[in-house]
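These figures come from a predicted structure and were not determined experimentally.
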Amino acid sequence: MFRQTSTNFNDLCLNFVASVTIGDMQMTFEGETNEVVSAISKLKENKSKETIQTFNSEFILSRKDEYLNHLKKMKYSPQTINVVKYTFNEFEMIMGDKRIEDINIKLIKKIIKAIFSLPSQYDSKKGLQAILLEGRQPRDFKTSKNYISRLKGYFSYLVTIDLLESNPLSSDLYPSPPRNMDVTNYANFTKLDLEKIFSEDLVMSSKHFAYYYWATVLSLFTGARASEILQLRLTDVFLDADIPYININNSDNKFVKNKSSIRSIPLHPKILDLGFKRYCEQIKSEEYEILFPDNTSLYINKPANALSVWFNKYLLKLQIEPDNKRRKVFHSFRHTFITELQRMNAPLEIRQSIAGHTTGVITIDVYGEKTQLEKMYEWIKKIDFGIEVPILENTVFHKRKRKEVSSRDR
């Protein structure tokens, strides 16, 4: 609004008054015309610069390290923290450079769909779209659900530090679980699978970590669970007995699945032919008490973690695919071994004693330990998968890794 204060035209330039409203401010300017106009222009320019703000919110996963430290302070187990840390790799692949301001119901649905669509084994370097376009069978529903739960926990943390108003993840958004899934959800390895696994590739993959090789060999030829094998101590290995065997037990802070898991398993002759005794003697000479001191997961109450991660990548490299809806993982060695005993018509009580399965029938536990080992060994030594297994020689690299891991984690 302009107001003239003089009727004399010559005085107009000296008595020019302007009332200006900018935002919630109202100001009056008086003076020569050119001065007033210049002042108003500069004021509008400055005000514009003050009110223009560039909104640059954080990346969704920018607080992941802070969150992991939070879990540590909250006394979460090292096992839980490592699992959460590992799953962040998948979240990064799915979310990319998405920011907190991008979070909405549409994005959350896309994230959930991606997590439930990913296969059990994949090469993250290919990128999300390339992996999904391969059309491979999605992994176990429960596995994906656990991934979602970990992401939900992270979002809850963002709420506590006021980066989110509320947790955007809800179970209502989850897909329905698939029906008619196989009870075990694990497939046996075929002979072709075993030939690929027990090739020189296994030796190359175990060039630094010897336990990769020996855990794989022991699992196929004893049917023991990965966690049972990886917790073994030298005192649990009896190689000078009439029938060499390993003893699965819960002493020395070891844990087992249940009471029936505590058992002795005769060693297949193949295991000794591959140099297992030489390996044990080497470990003893290095003054270790545990059988696999190079296992990086041994000290987090989940000894098979690192082994499972390595083996899944190894299968991916070998292009060993799931059998329809049934997965092929390290635990498949156990299923393959037990299936072979069934194929040979080994008595039920023998299979149960070797595998450590709970039973409601009379088993050979009624016999003495020596008789029990003899009866189990009679069947175990007959197992022949028809494959050649290369020998892994102990190297300075193995010794170095054992020393690095044991000194770091003890």
Side-chain angles (χ1 to χ4, degrees), residues 57-64 67 82-155 158 164 167-182 184-187 189-190 192-193 196-197 205 305-332:
S57 76
E58 298 183 29
F59 292 112
I60 295 176
L61 298 177
S62 63
R63 299 299 182 104
K64 65 175 185 177
Y67 176 59
N82 281 344
V83 169
V84 173
K85 183 177 180 180
Y86 175 73
T87 53
F88 270 124
N89 296 330
E90 181 166 301
F91 300 153
E92 287 180 337
M93 179 185 69
I94 294 173
M95 297 180 199
D97 58 357
K98 291 290 187 295
R99 298 179 180 274
I100 292 176
E101 65 174 324
D102 298 324
I103 294 179
N104 54 43
I105 189 65
K106 185 177 181 181
L107 175 63
I108 293 299
K109 285 183 177 180
K110 285 184 177 180
I111 292 172
I112 291 175
K113 183 177 181 181
I115 291 175
F116 278 99
S117 299
L118 284 167
S120 58
Q121 303 163 21
Y122 61 82
D123 183 357
S124 59
K125 294 180 181 179
K126 293 182 177 179
L128 178 63
Q129 293 304 318
I131 294 171
L132 296 179
L133 285 174
E134 291 175 353
R136 298 166 64 193
Q137 181 68 34
R139 62 194 170 195
D140 180 62
F141 183 86
K142 184 177 179 180
T143 299
S144 293
K145 191 174 179 181
N146 289 337
Y147 272 59
I148 294 287
S149 296
R150 292 166 202 149
L151 182 58
K152 190 173 183 179
Y154 174 68
F155 281 153
L158 296 186
L164 282 178
N167 197 319
L169 276 174
S170 168
S171 58
D172 296 337
L173 302 174
Y174 298 178
S176 300
R179 298 180 180 180
N180 301 321
M181 292 290 287
D182 183 82
T184 64
N185 205 24
Y186 296 116
F189 287 124
T190 65
L192 180 59
D193 292 338
K196 288 182 179 180
I197 293 169
S205 294
N305 272 7
L307 179 68
S308 296
V309 171
W310 162 75
F311 192 69
N312 286 340
K313 292 180 178 178
Y314 184 55
L315 291 184
L316 190 63
K317 175 185 175 183
L318 299 177
Q319 298 183 336
I320 294 179
E321 302 286 342
D323 180 7
N324 293 321
K325 294 182 179 180
R326 302 197 334 169
R327 297 178 294 157
K328 290 182 179 179
V329 294
F330 195 90
H331 200 69
S332 295

The side chain to side chain donor-acceptor pair (under 3.5 Å) partners of S205 (sequence neighbours excluded) come to none

With sequence neighbours left out, the residues meeting salt bridge (Lys or Arg N to Asp or Glu O under 4.0 Å) with K196 are none

Residue pairs meeting salt bridge (Lys or Arg N to Asp or Glu O under 4.0 Å), one or both in residues 117-138, sequence neighbours left out, come to K126-E134, E134-R136, R136-E321

Residue set satisfying side chain to side chain contact (heavy atoms under 4.5 Å, CB included) with S62, at least two apart, ordered chain then number -> E58, F59

Q: Evaluate side chain to side chain contact (heavy atoms under 4.5 Å, CB included) for L151 paired with M95, printing each intermediate quantity in order.
A: CA-CA 12 Å; L151 182 58; M95 297 180 199; 3.5 Å; yes

Residues at least two apart in sequence or cross-chain that pass side chain to side chain contact (heavy atoms under 4.5 Å, CB included) with S149, listed by chain then number, are none

Applying salt bridge (Lys or Arg N to Asp or Glu O under 4.0 Å) to D193 and not counting sequence neighbours gives K328

**Item:** Side-chain donor or acceptor of Y314 paired with backbone N/O of I197 under 3.5 Å
**Value:** yes

Sequence neighbours excluded, the answer for ring-ring contact (aromatic ring centres under 6.0 Å, His included) partners of Y122 is none

Sorted by chain and number, sequence neighbours left out, side chain to side chain contact (heavy atoms under 4.5 Å, CB included) with N167 holds for K152, F155, S156, L169

Sequence neighbours excluded, the answer for side chain to side chain contact (heavy atoms under 4.5 Å, CB included) partners of A114 is I94, L128

The ring-ring contact (aromatic ring centres under 6.0 Å, His included) partners of Y154 (sequence neighbours excluded) come to Y67, F88

*Examine R139 relative to Y147 and say whether NZ or CZ is less than 6.0 Å from the centre of the six-membered ring and inside a 45° cone about the ring axis.*
yes

By ring-ring contact (aromatic ring centres under 6.0 Å, His included), F311 pairs with (sequence neighbours left out) F330, F333

Side-chain donor or acceptor of S332 paired with backbone N/O of Y186 under 3.5 Å: no

| query | side chain to side chain contact (heavy atoms under 4.5 Å, CB included) between K98 and I111: does it pass, once the steps are laid out? | reply | CA-CA 11 Å; K98 291 290 187 295; I111 292 172; over 6 Å; no

